[in-house]
Amino acid sequence: MKIKILCAGKIKEKYFRDAIAEYSKRLTRYCKLEIQEVPDEKTPDGASEAEELRVKDIEGKRLLAGIRDTDYVIALAIDGQMPDSIGFARKIEKLGLQGQSNICFVIGGSLGLSEEVMNRADEKISFSRLTFPHQLMRVILLEQIYRSFRIIHGEPYHK
């Protein structure tokens with residue numbers, strides 16, 4: 001199975017980069033992982049709603065360019081379904097059993113995802129109703145993907 005994490009923006013903080021590297025290394029025994037970053041767009045201070053939509057659209061086009069027709073796209077969105085860890089693992093397992101070997105998780109920039117990206121998504125998930133910085137969300141997503149593979153393979157993992 002190939003898992004791609006497609007995200008707007010770079011990780012600047014070393015501690016986030018270290019956590020991402022650790023989970024990426026752990027995942028090598030379960031899947032082929034790709035992390036693809038696209039540039040995020042600067043949002044002007046005091047941006048109007050129209051300016052924010054423009055920023056999301058620009059980022060959205062960049063993100064859509066990284067999605068293949070064969071990808072099963074899961075958008076991270078605050079209004080998405082909120083599975084527990086077992087449910088998330090079962091979703092990944094089910095996709096694999098159905099022959100879906102390319103899963104693409106999409107994380108937007110600070111304003112979220114464009115409508116066009118949301119329309120392309122096969123489903124939306126949320127890990128919380130809270131808002132997290134997209135850099136931290138990448139770490140949380142990787143940890144949950146790793147936890148999922150441990151669950152799928154019946155391997156112990158702390159609760």
Checking side-chain contact (heavy atoms from CB on, under 4.5 Å) for the pair V55/D40: CA distance, chi angles, key distance, verdict?
CA-CA 9 Å; V55 167; D40 54 351; over 6 Å; no
Quick check: is [Y] connected to [X] through a chain of hydrophobic side chains (ILVMFWY, heavy atoms under 4.5 Å apart)?
| X | Y | answer |
| --- | --- | --- |
| V38 | L76 | no |
| I151 | I140 | no |
| I103 | I67 | no |
| V139 | L130 | yes |
| I125 | M118 | no |

Could you check E51 against R54 for salt bridge (Lys or Arg N to Asp or Glu O under 4.0 Å), going step by step and ending with a plain yes or no?
CA-CA 5 Å; E51 289 172 310; R54 183 190 63 77; 6.0 Å; no
Aromatic contact between F127 and F88, with the criterion being ring centroids under 6.0 Å apart: yes or no?
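Between F88 and F127, which both carry aromatic rings, the centre distance is below 6.0 Å.
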So how far is it from [X] [atom1] to [Y] [atom2], rounded to the nearest 0.5 Å?
| X | Y | atom1 | atom2 | value |
| --- | --- | --- | --- | --- |
| K124 | M82 | NZ | CE | 13.0 Å |
| C7 | E59 | SG | CD | 11.0 Å |
| D57 | S114 | CG | OG | 5.5 Å |
| I58 | L63 | CD1 | CG | 12.0 Å |
| E115 | L53 | CD | CG | 9.0 Å |
| L95 | M1 | CG | CE | 6.5 Å |

Is a salt bridge present between [X] and [Y], judged by a nitrogen-to-oxygen distance below 4.0 Å?
| X | Y | answer |
| --- | --- | --- |
| E13 | R17 | no |
| R68 | D71 | yes |
| E37 | R138 | yes |
| E93 | R90 | yes |
| E116 | R120 | no |
| E41 | K56 | no |

For a side-chain contact (heavy atoms from CB on, under 4.5 Å) check, start with the C-alpha distance between V73 and V117, then their side-chain angles and the critical distance, and finish with the verdict.
CA-CA 9 Å; V73 179; V117 172; 5.7 Å; no
Over all heavy atoms of both residues, which pair between [X] and [Y] is shortest? Give the atoms and the distance, please.
| X | Y | answer |
| --- | --- | --- |
| S126 | P83 | O-CD, 3.9 Å |
| A89 | I152 | O-CD1, 3.5 Å |
| A8 | G108 | CB-C, 4.0 Å |
| G87 | D84 | N-OD1, 2.7 Å |
| S110 | T43 | OG-OG1, 4.4 Å |
| E34 | Q36 | OE2-OE1, 3.7 Å |

L113 and its side-chain contact (heavy atoms from CB on, under 4.5 Å) partner, picked from N119, V106, I107:
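When N119, V106, I107 are each tested with L113, the side-chain contact (heavy atoms from CB on, under 4.5 Å) holds only for V106.
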Main chain of G66, side chain of K4: is a donor-acceptor contact present, judged purely on distance under 3.5 Å?
yes
Would you say that more than 12 heavy atoms from the other residues, nucleotides or ligands in this model lie under 6.0 Å from the CD of E155, or not?
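Yes, because the 6.0 Å sphere around CD of E155 holds more than 12 heavy atoms from other groups.
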Under 6.0 Å from the CD1 atom of I86, do we count more than 12 heavy atoms belonging to anything else shown?
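It does not: I86 CD1 has 12 such atoms or fewer within range.
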Assess, by modelled atom type and distance only, whether the side chains of Q144 and S85 contain a donor and an acceptor separated by less than 3.5 Å.
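A donor-acceptor contact under 3.5 Å links the two side chains.
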Any non-hydrogen side-chain atom of L6 less than 4.5 Å from a side-chain atom of F105?
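Not touching, per the 4.5 Å side-chain cut-off.
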Any side-chain heavy-atom pair of I92 and F149 under 4.5 Å
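Side chain of I92 against side chain of F149, heavy atoms only: contact under 4.5 Å found.
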Run the numbers on Y72 and Q98 for side chain to side chain donor-acceptor pair (under 3.5 Å), then give the verdict.
CA-CA 11 Å; Y72 186 89; Q98 292 173 340; over 6 Å; no
